[in-house]
2 protein chains.
Amino acid sequence: MIKITKHDTLFTDFNDFIRRSRRRFLVKQAPKVIWMTGLSGAGKSTLSIEIQNALRRKGYFTKIFDGDIVRTGLCKDLGYSLEDRLENIRRIAELSKIFVDSGIIVICSFISPTHEMRQLAKEIIGENNFIEVYINAPLHVCEKRDVKGLYAKARQGLITNFTGIDSVFEPPLKPDIEVRTDLWSIDKTARYMLRRIIPKVKFRKITIDILNQND
Amino acid sequence: MIKITKHDTLFTDFNDFIRRSRRRFLVKQAPKVIWMTGLSGAGKSTLSIEIQNALRRKGYFTKIFDGDIVRTGLCKDLGYSLEDRLENIRRIAELSKIFVDSGIIVICSFISPTHEMRQLAKEIIGENNFIEVYINAPLHVCEKRDVKGLYAKARQGLITNFTGIDSVFEPPLKPDIEVRTDLWSIDKTARYMLRRIIPKVKFRKITIDILNQND
């Protein structure tokens, strides 16, 4: 006869807890797409990493998509004309939708310069899952930063269709969140954003049980 | 002064455990793409759901992709010519790669009729992460099943470019796993597949810490 000690009971509970928790942990968030729009050099990538790290520290499961990731793979057949950029955004939105449907918080960091592009993304992802964040900094500030040296190249005519130089940027009319990276520090901006993002991604009523759905 | 009782200690440990476990659970698998190829009606979708359910019961985190999912979204601009089907497979492979890089086991269920298509998928996903599964059933069996009524339509000429009728299917030469759904029951087939899949997706040495990488 096996005698069950208190320790064994605890251990069994614990194992059981582990098994159950594998199924549950992923669902304790309301998956959303945090869509960052703004000029090149406004701070989208920096902020998306800041926000991701802060969310992950709090136990949220996130995934970043940006131009570097999709342009080398999924969208490598596309150029930079407005038509190709629209198709680029469409595929990113479809990709994000698949991730959101899997329960994951997606952080998208794309210039997405026109109302049409952002509207398309919003329609594909669904209005309720779409958080539009305008990373705002004046063109002259972004151009002065010129981290990747792209503005200089665009001014010299080495790059064409460059947003802000020879391609339009239409600022969002009613973004869910707007930040001014020329006025605030990265830290302050990230904290301001998080205060607005966390209530939206916090788990509330809806349960999406990733591990049991049949897709 | 706050007195720490044994219960409190346990509770703290427990909370700590929860926090840590959120970071760890997702990584205890070797993410792979299980790529099912075969004729329409061979049993790819049925088996992918069976495999997914079995893997999820064991605590693995999986995601299914099939034609119905991608054709209505990411690839809705594509037709069924061999060229468009190749681009369809390319995007699916890129999509799967993103999921695998996030630590998720992906089950792809696509006819993917030619060596070229499967080779492309394998190259994009990476040979080490690619498990080719040939869901084999003779054409006459698939045509007799004709679950979606597509073979009848293809014979009547209502659908063109239909694999097996007026479009080629090149059986894989060296699939990692091959099953015969005309000879075995679904249950037996799934068990046979699982015995070969589980050793490949079991967590061994490599750690991909999803929750800490900066993408």
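Below, chain A is the first sequence line, B the second, and so on; all start at residue 1. Everything quoted here is computed from the prediction, not taken from an experiment.
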(message) So for atom CG, which belongs to B:Leu183, do other residues, nucleotides or ligands contribute more than 12 heavy atoms lying within a distance under 6.0 Å?
(response) yes
(message) Donor-acceptor check, side chain of A:Arg90 to backbone of B:Leu74, threshold 3.5 angstrom: yes or no?
(response) yes
(message) Please determine whether the number of non-hydrogen atoms from other residues, nucleotides or ligands lying under 6.0 Å from atom CD1 of A:Ile198 exceeds 12.
(response) yes
(request) Indicate the atoms forming the closest heavy-atom contact of A:Phe99 with B:Ser102, along with that distance. (result) CE2-OG, 4.0 Å
(message) Please determine whether the number of non-hydrogen atoms from other residues, nucleotides or ligands lying under 6.0 Å from atom CD of A:Gln119 exceeds 12.
(response) yes
(request) First locate atom CD1 of A:Ile104, then atom CD1 of B:Ile104, and finally report the distance between them rounded to the nearest 0.5 Å. (result) 4.0 Å
(request) Measure the spacing between CD1 of A:Ile124 and NZ of B:Lys76 and express it to the nearest 0.5 Å. (result) 6.0 Å
(request) Would you mind reporting whether A:Asp101 and B:Ile69 have side-chain heavy atoms less than 4.5 Å apart? (result) no
(request) Hey, could you give me the OG1/CD distance between A:Thr72 and B:Glu94, rounded to the nearest 0.5 Å? (result) 7.0 Å
